[in-house]
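Right, one structure below, let's go through it.
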Amino acid sequence: MSIESPNEMLRAVLPPALEVLTAWSIAETEADPSVFRQAMDRTIVDATRDPDPARGLAELMFGLSSLSGILLDELAETTGRSRSEVLHSVHQRYLDA
C-alpha cells in the first residue's frame, strides 16, 4: 500500500476497525460473541494476507487505535468532559469491575 497523506492512511485503515467495532456492538446487543469473533478473525486474516503481514497487522492496530481516539474525542465533546475524565470512567466501568 502506498500512502500519500495522513487522511489517505485513515481511509485505508478505518474500515476494518469500524467493522470490528460494529461487530462488537452487534455481539453485545444480541448477546452473541461469535459475531465479534468472526469479524475479528476475518480482519486479522485479511491483514496477514498483505504482501507484508507485519505491516498489515500494524495497519489494523493503527486503525483500531485511531478509531478509539476519534470516538474518545467525540464522547468527550458530547458529554462536555475532558478526555482524561472519559478514560477514567471507562477504566472504572470496564477494567475495575
Side-chain angles (χ1 to χ4, degrees):
M1 174 190 309
S2 175
I3 303 298
E4 306 262 334
S5 71
N7 286 337
E8 188 178 335
M9 171 62 102
L10 286 177
R11 281 192 297 276
V13 300
L14 284 180
L18 285 168
E19 179 181 344
V20 168
L21 178 65
T22 301
W24 174 270
S25 179
I26 291 168
E28 188 175 57
T29 301
E30 296 180 8
D32 182 4
S34 69
V35 174
F36 172 71
R37 179 64 186 209
Q38 290 169 3
M40 196 66 188
D41 287 350
R42 194 196 62 69
T43 56
I44 289 171
V45 167
D46 285 353
T48 60
R49 287 186 179 147
D50 189 90
D52 180 355
R55 179 183 170 132
L57 290 171
E59 288 173 352
L60 176 60
M61 295 306 297
F62 176 75
L64 290 168
S65 177
S66 297
L67 181 59
S68 294
I70 290 166
L71 294 173
L72 176 61
D73 289 342
E74 290 290 322
L75 186 56
E77 184 178 325
T78 300
T79 61
R81 299 165 71 188
S82 70
R83 290 179 101 209
S84 61
E85 290 172 316
V86 172
L87 282 172
H88 181 71
S89 295
V90 168
H91 188 274
Q92 284 183 314
R93 178 172 180 152
Y94 295 102
L95 301 177
D96 291 341

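FYI, the numbering just counts along the sequence from 1. All values below come from the heavy atoms of this structure, side chains included, with hydrogens, waters and symmetry mates left out.
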Distance check, rounded to the nearest 0.5 Å: Leu18 atom CG versus Leu67 atom CG? 5.0 Å

All pairs passing ring pair (Phe, Tyr, Trp, His ring centres under 6.0 Å) where residues 45-81 contributes a residue, at least two apart: none

Within residues 74-84 or reaching into it, pairs that qualify as side-chain hydrogen bond (donor to acceptor under 3.5 Å, both in side chains) - sequence neighbours excluded: Asp73-Arg83, Arg81-Ser89, Ser82-Ser84, Ser82-Glu85

side-chain hydrogen bond (donor to acceptor under 3.5 Å, both in side chains) pairs, two or more places apart, involving residues 62-72: none

For Val13 and Leu60, run side chain to side chain contact (heavy atoms under 4.5 Å, CB included): C-alpha distance rounded to whole Å, both residues' side-chain angles, the deciding distance at 0.1 Å, then the answer. CA-CA 6 Å; Val13 300; Leu60 176 60; over 6 Å; no

Just grab all the ring pair (Phe, Tyr, Trp, His ring centres under 6.0 Å) pairs involving residues 18-47, residues at least two apart or on different chains. Trp24-Phe36

Shortest non-hydrogen separation from Ala27 to Pro33 and the atoms involved: CB-CA, 4.0 Å

If the condition is side-chain contact (heavy atoms from CB on, under 4.5 Å), which residues does Leu57 pass it with, not counting sequence neighbours? Ile44, Ala47, Thr48

Those residues at least two apart in sequence (or on a different chain) that pass salt bridge (Lys or Arg N to Asp or Glu O under 4.0 Å) with Glu19 are Arg42

Result for side chain to side chain contact (heavy atoms under 4.5 Å, CB included) between Ile26 and one of Asp32, Val35, Leu21 points to Val35

Rounded to the nearest 0.5 Å, how far does CD1 of Ile70 lie from CG of Leu75? 13.5 Å

